[in-house]
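Since the structure comes first, as structure tokens, the remarks are kept for the end.
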There are 2 protein chains.
Amino acid sequence: MPGGRRLLGGGTLMRAAVFHGQGDVRIESLPEPEPGPGEVAIRVAHNGLCGSDLHEYAAGPLFVPTAPHPLTGAVLPIVLGHEFAGTVAAVGAGVTSVRDGDRVCVEPIYRCEDCPACATGAYNLCRSVAFHGLQAHGGGLCEATVVPERTVHPLPESVSLELGALVEPMAVAMHAVRRHHLEGGTAVVFGAGPIGIGVWHALRAHGVDDVLVAEPAVARRAAIAALGARVLDVDSRDPVEQVMEATGGVGAEVVFDAAGVPAAILAGLRCVRPRGAVVSVAVYGSTVAVDPNQLLSTEATWTGSLAYTGEDFRAVIDLMARGHYVIEGWVQHVDLDRLVDDGLEAMAAGRVTKVLVDVGAPP
Amino acid sequence: MPGGRRLLGGGTLMRAAVFHGQGDVRIESLPEPEPGPGEVAIRVAHNGLCGSDLHEYAAGPLFVPTAPHPLTGAVLPIVLGHEFAGTVAAVGAGVTSVRDGDRVCVEPIYRCEDCPACATGAYNLCRSVAFHGLQAHGGGLCEATVVPERTVHPLPESVSLELGALVEPMAVAMHAVRRHHLEGGTAVVFGAGPIGIGVWHALRAHGVDDVLVAEPAVARRAAIAALGARVLDVDSRDPVEQVMEATGGVGAEVVFDAAGVPAAILAGLRCVRPRGAVVSVAVYGSTVAVDPNQLLSTEATWTGSLAYTGEDFRAVIDLMARGHYVIEGWVQHVDLDRLVDDGLEAMAAGRVTKVLVDVGAPP
């Protein structure tokens with residue numbers, strides 16, 4: 001099996017979604033892993049599909065290593081899945097923070113603890129960073145997975161396993177919102193996919209009520225409008241013009257690019273207020289032709305946001321426990337066996353916003 | 001005469017450098033202006049030549065308006081010059097802060113006082129901003145010029161008129177250094193022209209002793225090395241590699257682009273530390289193909305710095321009064337009559353770093 005994980009016991013077989021290369025994700029039977037010292041085995045209930053999973057499927061291997069990863073040793077083929085929640089099935093020696101039956105989600109980052117970023121606590125920027133289910137073996141798209149104890153976040157009783165599987169993408173968005181010190185004003189979000197929706201929720205949690213959203217896909221636009229966002233008319237008018245109108249000519253306090261297309265960055269740099277911020281949270285596939293004079297004329301800052309740390313996870317879980325996150329209208333469930341056709345292919349075709357793959361029944 | 005300025009008195013003629021269009025700067029005889037209410041007439045001692053002046057001469061009109069400027073009404077032809085110091089020759093009605101004979105320099109910004117930027121005090125970002133000697137009539141490259149009282153900064157006794165003429169470019173650099181909250185560490189400056197040299201001085205004033213400079217021109221490199229900067233070998237090695245070596249693999253706390261070439265921005269984004277800052281202070285002539293993933297992987301911020309406010313002027317004048325600025329090795333004097341050949345053309349050919357045009361003898 002990939003990575004040579006120890007067995008959970010008795011050589012029981014489980015279903016797993018294994019990425020072998022471009023367009024090649026197979027549901028295979030693999031022996032269940034068992035936890036080593038300091039590790040936790042989790043029976044996965046739901047695992048969300050991420051844009052990264054789709055990118056691997058459509059054009060990979062990209063993040064998935066083709067030579068052993070320097071930190072984890074993982075290499076293609078890889079069990080996919082890094083957004084998951086489930087119940088603890090077994091714990092290894094020395095594990096004290098969770099026990100069998102606990103409902104948990106996982107912060108799927110492995111880091112070196114040794115580089116300049118790790119030294120400052122910004123381990124999301126670790127130079128050897130690896131994500132479970134992409135650059136480490138045994139992702140969440142299988143019935144049981146083993147992770148280090150420190151990556152496990154217990155879920156309060158009021159947070160369902162369904163919500164738990166959404167903590168990871170919502171933490172990505174929370175981290176992005178925390179990259180800029182908010183002082184009120186108008187926020188603009190380009191892209192109403194799961195991250196854009198997460199940015200909307202995180203902004204609201206930070207007291208920002210005036211959120212304008214630019215999203216070309218009609219279904220996504222309707223979904224975020226139903227949540228309460230003001231959607232811009234991107235079909236017939238320049239979004240920059242609309243942001244300027246909506247802000248009395250000042251521009252937005254902060255702009256998030258959760259779209260990952262050059263047009264979003266370029267519009268964002270044009271509609272941000274003097275000394276405001278543009279935050280890129282989308283991964284790009286190409287360069288963007290930016291005019292630096294644009295940054296001079298506003299003294300705005302452009303920054304990036306990558307993943308999250310535990311602080312973001314805890315903030316999202318806490319908000320979920322208080323009923324802050326609404327998942328009606330943008331989340332669909334798919335069985336593990338239908339992962340490719342109803343999950344990855346449906347995402348590629350733009351038929352779905354967020355797919356949660358049902359891996360195992362909750363206990 | 002351009003702009004129809006009032007006469008300083010008696011119809012006396014004076015020499016002035018008038019920009020008529022690309023490659024066409026003429027030393028002409030114009031009647032001396034006299035100050036209206038709230039205005040100050042200054043006999044100019046020295047006026048520095050700026051990259052903007054060269055750009056106008058080589059490829060303009062660029063900043064110089066070809067239709068009346070919305071704020072100042074100025075239009076081509078224009079008397080050039082926005083970096084100058086001199087002595088007060090006359091004051092208009094109501095002027096109280098200076099009097100005849102005072103030695104002063106000028107913060108050459110006109111602003112609307114009405115736009116969102118002006119409302120926050122960031123009038124350097126005024127949407128109608130105009131600069132004396134570019135978008136307002138009667139620049140410093142003439143024997144007498146008239147400016148609003150609020151733009152006049154008195155010079156302490158220990159600051160020469162020569163230094164006074166350098167306050168403006170040094171304030172540009174001071175403003176750039178203040179765009180990022182410095183917490184020690186290594187700074188990198190791309191470009192050792194007058195602004196790069198100003199950034200070096202401003203960094204030192206902020207307690208940053210470790211400054212690495214990347215500059216391809218040998219003479220400029222020698223000049224800033226003589227001031228005490230560590231210069232990188234940009235002829236045979238990648239500057240990014242050298243910054244990484246010099247910082248133990250961490251990267252620079254802050255990078256300044258005072259070069260205005262895409263290679264500087266792209267290298268800057270690669271050698272900045274996690275969550276550090278890249279500050280663009282150079283005006284660009286083209287777009288730059290930036291990979292947004294570069295900003296994601298470091299969560300660095302990229303921002304621009306435009307001109308200055310009075311605070312920057314006061315900070316520079318105060319440091320000059322304390323002997324902080326060294327001008328040996330990078331400043332050359334040229335007579336107004338030799339402005340084109342020994343000033344603008346010498347700059348275009350890279351023969352000089354900073355030219356101060358001697359307009360009138362100091363009293």
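Convention: sequence-line order gives letters A, B, ...; per-chain numbering from 1. Values reported hereafter were calculated over all heavy atoms of this structure, with side chains retained and with hydrogens, waters and symmetry mates removed.
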**Message:** Report which part of B/Ala277 has an atom under 4.5 Å of a heavy atom belonging to chain A: side chain, backbone, both, or neither.
**Reply:** neither
**Item:** salt bridge (Lys or Arg N to Asp or Glu O under 4.0 Å) partners of residues 295-311 of chain A, not counting sequence neighbours, each pair once
**Value:** A/Arg178-A/Glu311, A/Arg275-A/Glu299, A/Glu299-B/Arg179
**Asked** With a 4.5 angstrom heavy-atom cut-off, which part of B/Ala122 approaches chain A: side chain, backbone, both or neither?
**Response** both
**Asked** Is it the backbone or the side chain of B/His175 that comes under 4.5 Å from a heavy atom of chain A, or both, or neither?
**Response** side chain
**Donor-acceptor pair, side chain of A/Tyr110 and main chain of A/Gln135, under 3.5 angstrom** = no
**Asked** Quick one: are B/Glu168 and B/Cys50 in side-chain contact, heavy atoms under 4.5 Å?
**Response** no
**Asked** Considering only heavy atoms from C-beta outward, does the side chain of A/Thr303 approach that of A/Val279 to under 4.5 Å?
**Response** yes
**Prompt:** Is there any salt bridge (Lys or Arg N to Asp or Glu O under 4.0 Å) pair reaching into residues 118-133 of chain B, and which pairs are they, with sequence neighbours excluded?
**Reply:** none
**Request:** Using non-hydrogen atoms and a 4.5 Å limit, figure out which bit of A/Ala282 sits close to chain B: side chain, backbone, both or neither.
**Result:** backbone
**Prompt:** Taking all atoms of both residues into account, what is the closest heavy-atom pair of B/Ala130 and B/Thr72, and its distance?
**Reply:** CB-CG2, 3.6 Å
**Prompt:** Just wondering, do A/Leu134 and A/Phe19 contact through their side chains at under 4.5 Å, heavy atoms?
**Reply:** no
**Prompt:** By a 4.5 Å heavy-atom criterion (distance strictly below it), what part of B/Asn124 contacts chain A: side chain, backbone, both, or neither?
**Reply:** side chain
**Request:** Name the region of B/Ser305, side chain, backbone, both or neither, that has any atom closer than 4.5 Å to a heavy atom of chain A.
**Result:** both
**Asked** Which answer fits B/Thr298, side chain, backbone, both or neither, if we ask what part of it has an atom under 4.5 Å from a heavy atom of chain A?
**Response** backbone
**Request:** Any pair with a residue in residues 260-274 of chain B that passes side-chain hydrogen bond (donor to acceptor under 3.5 Å, both in side chains), sequence neighbours left out, goes on the list, sorted by first then second residue, please.
**Result:** B/Asp238-B/Arg270, B/Glu253-B/Arg273
**Asked** Taking A/His69 for the side chain and A/Leu71 for the main chain, is one N or O donor matched with an acceptor at less than 3.5 Å?
**Response** yes
**Prompt:** B/Val281 versus chain A, heavy atoms under 4.5 Å apart: side chain, backbone, both or neither?
**Reply:** backbone
**Message:** Non-hydrogen contacts under 4.5 angstrom with chain A: give the residues of residues 284-293 of chain B involved, or none if there are none.
**Reply:** B/Tyr284, B/Ser286, B/Thr287, B/Val288, B/Ala289, B/Val290, B/Asp291, B/Pro292, B/Asn293
**Prompt:** Do the rings of A/Phe313 and A/Tyr308 sit parallel, tilted or perpendicular, given the 30° and 60° boundaries?
**Reply:** perpendicular
